[in-house]
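Take a look at the structure below.
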Amino acid sequence: MAEPNSTGQETLEESMERLETILDTLEGDDISLEESFALYQKGMKLVQSCKEKIDTVEKKMQILNAKGELEDF
């Protein structure tokens with residue numbers, strides 16, 4: 001599993017890798033119901049985190065000016 005980068009926050013790619021690992025584990029045969037539930041909760045938190053990161057990037061893209069620079073508001 002990927003560790004957080006030097007800023008202490010995972011990149012979108014790192015979060016997606018963790019989600020893939022969780023999904024692989026959930027699809028396995030050797031997992032208890034309790035473990036499945038805990039992993040499901042972690043996965044849902046990661047999904048929300050990914051959504052927030054994507055939303056942030058989309059908002060920044062929307063405020064780019066014609067020169068390709070971010071406009072200060």
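Just so you know, these numbers use all the heavy atoms, side chains as well, and skip hydrogens, waters and symmetry mates.
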Which pair of non-hydrogen atoms, one from L19 and one from G43, has the smallest distance, and what is that distance?
CD2-O, 3.4 Å

Check step by step if salt bridge (charged side-chain N to carboxylate O under 4.0 Å, His left out) holds for K51 and D55.
CA-CA 6 Å; K51 181 184 177 307; D55 287 348; 3.1 Å; yes

Show your working on side chain to side chain contact (heavy atoms under 4.5 Å, CB included) between E17 and E10 and close with a plain yes or no.
CA-CA 10 Å; E17 285 178 25; E10 288 183 332; over 6 Å; no

Please assess E14 against R18 for the test side chain to side chain contact (heavy atoms under 4.5 Å, CB included), listing each intermediate value before the final yes or no.
CA-CA 6 Å; E14 290 167 336; R18 286 185 57 208; 5.9 Å; no

Kindly compute the distance separating OG (S36) from CD (E27), expressed to the nearest 0.5 Å.
11.5 Å

Once you round to the nearest 0.5 Å, how far does CG of L26 lie from NZ of K42?
11.0 Å

Just by distance, do the side chain of S49 and the backbone of K45 share a donor-acceptor pair under 3.5 Å?
no

Hydrophobic clustering (ILVMFWY, side-chain heavy atoms < 4.5 Å, transitive) - are I22 and V47 grouped together?
yes

If hydrophobic clusters are built by linking Ile, Leu, Val, Met, Phe, Trp and Tyr wherever their side-chain heavy atoms come under 4.5 Å apart, do M16 and M44 end up in the same one?
no

Pairwise side-chain contact, E20 with L23, heavy-atom cut-off 4.5 Å (strictly under)
no

Side-chain contact test, heavy atoms from C-beta onward, threshold under 4.5 Å: evaluate it for I31 versus L39 and give yes or no.
yes

